[in-house]
Amino acid sequence: MLHPLVFFDDFFPLAVAWFPNVSWLDLSGNNFTVLPECIQQFRFLRYLYVDDCEHLREIRGIPPCLTDFSAVNCKSLSPRSTSVLLNQQLHQGRNTQFVMPGGRIPRWFEQRSSGASISFWFRGTEFPYKSLCVAILLIHDIPSPLEVSFIVTFNGNQVQQGWRNLIDQLFIFNLERCSYYYESLHLERGWNHAKFSYEAYNDYKEKVPSESIAKEIGMHVWKEESSSIMEDIRFTDPYKMTQLIIMMMMLSIAFPNHKKKPLLLETCIGLWTLLFLTHTLFLG
Ligand SMILES: *[C@@H]1O[C@H](CO)[C@@H](O)[C@H](O)[C@H]1NC(C)=O
Ligand SMILES: *[C@@H]1O[C@H](CO)[C@@H](O)[C@H](O)[C@H]1NC(C)=O
């Protein structure tokens, strides 16, 4: 009987010597324990898959052009050992897609939301997919393996249900990945509301309720120097902000005296209570 080829730790130094120019390596289901430093010598390696490498417990090197990394069901890989994959520089301008077990969403994802969806508002003639990076964190003991597909809703209309991807607990990817979905978008003048979420499927292609597996979702906006992207993206509803401003103007009309003389204590308390209420009602 022919045994399938199984690679151990001695594979990498040989591989770097024999085929230094590979761009794609699928090493799923092998027996090595370490991704050694020498994999940095794969100068053109963009895709590296190590799914089901159950003995893999350490990552010491990252190829310089890596864009796709998948470590689904690598049970020995700890959050400490995957932390090297969470570096912001590794994902910036690289259109990456990384799947790995465990850990948490890196701190550089400035916007977070618990559960399986995140909302934001943007304006302009184009959906700013090139500037957005998403991180999905699932609960610790997911019924693996899971496949997810992504759902983006614009102004209430679901416009795409993207490709499916095998994932583990932590999935980081740049939205530029699925740019072709966004090209024919009909955008409104002013602020557009976008909601990003996902659906999950188990091994038997049955839908798994996302509430039962979702932990957190994070979003990062790539800000290039001299770019004004942050003026055109908001994570709180700009229309509610407008309502709040109108409310405050109405209050100042209702209490016109405060410009002429110091506010009475009662008026002051009343005003602050109203402000507090509008704030919690509209922005909460
Ligand atoms: C790898 O690429 C380099 C530069 O592009 C080239 O000089 C070299 O011959 C290639 N090596 C192999 C084994 O193909
Ligand atoms: C890979 O490791 C597993 C678990 O230690 C072992 O059962 C299996 O025989 C190994 N494979 C080879 C080809 O040695």
Side-chain angles (χ1 to χ4, degrees), residues 12 15-16 20-28 30 32-53 56-74 76-112 118 128-138 148 150 162-163 165-179 196 198 215-227 229-230 233:
F12 292 99
V16 165
N21 293 354
V22 282
S23 61
W24 189 90
L25 268 180
D26 186 349
L27 302 170
S28 300
N30 277 290
F32 47 80
T33 60
V34 176
L35 283 177
E37 220 179 317
C38 71
I39 65 168
Q40 290 168 4
Q41 293 169 39
F42 287 121
R43 285 187 297 150
F44 306 104
L45 189 63
R46 290 186 54 203
Y47 307 91
L48 179 58
Y49 304 108
V50 294
D51 298 343
D52 302 307
C53 290
L56 177 62
R57 52 183 155 73
E58 217 185 317
I59 298 167
R60 295 194 193 137
I62 295 166
C65 293
L66 192 68
T67 59
D68 287 55
F69 177 81
S70 180
V72 174
N73 198 29
C74 291
S76 311
L77 216 45
S78 68
R80 225 182 117 200
S81 47
T82 52
S83 62
V84 289
L85 300 166
L86 302 179
N87 207 307
Q88 185 171 353
Q89 280 79 43
L90 203 58
H91 296 271
Q92 182 150 22
R94 297 266 293 270
N95 206 357
T96 49
Q97 174 175 309
F98 281 24
V99 179
M100 67 198 88
R104 53 180 178 75
I105 295 180
R107 280 181 217 281
W108 49 271
F109 283 85
E110 62 272 45
Q111 199 59 38
R112 280 128 185 279
I118 193 163
Y129 58 85
K130 288 181 189 142
S131 306
L132 298 171
C133 188
V134 175
I136 289 170
L137 184 67
L138 303 184
V148 290
F150 302 99
W163 84 120
N165 208 86
L166 201 61
I167 70 163
D168 210 296
Q169 248 184 292
L170 184 58
F171 184 35
I172 295 180
F173 71 104
N174 281 284
L175 271 193
E176 195 169 355
R177 281 278 154 166
C178 24
S179 58
F196 185 89
Y198 56 88
K215 193 165 177 188
E216 201 182 10
I217 186 161
M219 196 167 261
H220 172 73
V221 184
W222 297 117
K223 305 159 206 74
E224 277 163 37
E225 270 179 64
S226 79
S227 120
I229 182 95
M230 288 319 283
I233 294 183

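Two residues are said to be in side-chain contact when any heavy atoms from C-beta on lie closer than 4.5 Å; Q41 and F12 fail this criterion. Counting only heavy atoms from C-beta outward, the side chains of L166 and S70 never approach each other to under 4.5 Å. Between I39 and I59, every side-chain heavy-atom pair lies at or beyond the 4.5 Å cut-off. Two residues are said to be in side-chain contact when any heavy atoms from C-beta on lie closer than 4.5 Å; L132 and V221 meet this criterion. Two residues are said to be in side-chain contact when any heavy atoms from C-beta on lie closer than 4.5 Å; V134 and F150 fail this criterion. Residues C53 and F32 meet the side-chain proximity criterion, which asks for heavy atoms closer than 4.5 Å. Residues Q97 and F171 meet the side-chain proximity criterion, which asks for heavy atoms closer than 4.5 Å. Side-chain contact between L138 and K215: absent, with no pair of heavy atoms (C-beta onward) separated by less than 4.5 Å.
Of all non-hydrogen atoms in V148 and Y198, the two that sit nearest each other are CG1-CD1, 4.0 Å. For the residue pair P101 and A71, the shortest heavy atom distance occurs at CD-O, 3.4 Å. R112 and R107 get closest at one heavy-atom pair: NH2-CA, 3.7 Å. Contact detail for H91 and F98: the closest heavy-atom pair is CE1-CD2, 3.5 Å. Contact between C65 and R43 at its shortest, heavy atoms only, is SG-O, 3.3 Å. Among all heavy-atom pairs drawn from L27 and N30, the shortest one is O-ND2, 2.8 Å.
Of the possible donor and acceptor atoms, one in the side chain of D51 sits under 3.5 Å from a partner among the backbone N and O of V72. Under the 3.5 Å distance criterion, the side-chain polar atoms of W108 are left unmatched by any main-chain donor or acceptor of N87. At distances below 3.5 Å, not a single donor-acceptor pair connects side-chain atoms of H220 with backbone N or O atoms of C133.
Legend: residues meeting side chain to side chain contact (heavy atoms under 4.5 Å, CB included) with V22, ordered by chain and number and at least two apart, are F19, L25, F42, L45. Looking at residues two or more places apart in sequence or on another chain, you find a side chain to side chain contact (heavy atoms under 4.5 Å, CB included) between R94 and L66, L90, T96. With sequence neighbours excluded, no residue satisfies salt bridge (Lys or Arg N to Asp or Glu O under 4.0 Å) with E37.
Between F196 and F173, the two ring planes are tilted [angle within 30° to 60°].
Side chains of D52 and S28: a donor-acceptor N/O pair is absent below 3.5 angstrom, by distance only.
Of the inter-residue distances, the one linking M100 atom CE with T82 atom OG1 reads 6.0 Å to the nearest 0.5 angstrom. Note that CD1 of I217 and CD1 of I136 are 4.5 Å apart. Values are rounded to the nearest 0.5 Å. Between L175 atom CG and K130 atom NZ the span is 12.5 Å, to the nearest 0.5 Å. Atom CD in E216 sits 4.0 Å away from atom CD1 in I105 (nearest 0.5 Å). The distance from atom CD of E58 to atom CZ of R80, rounded to the nearest 0.5 Å, is 9.0 Å. Note that CD1 of I62 and CG of L48 are 10.0 Å apart. Values are rounded to the nearest 0.5 Å.
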Take L86 and L170, measure what side-chain contact (heavy atoms from CB on, under 4.5 Å) needs, and give me the verdict at the end. CA-CA 10 Å; L86 302 179; L170 184 58; 3.8 Å; yes
Could you please spell out the steps behind the side-chain contact (heavy atoms from CB on, under 4.5 Å) verdict for F69 and L35? CA-CA 12 Å; F69 177 81; L35 283 177; 4.1 Å; yes
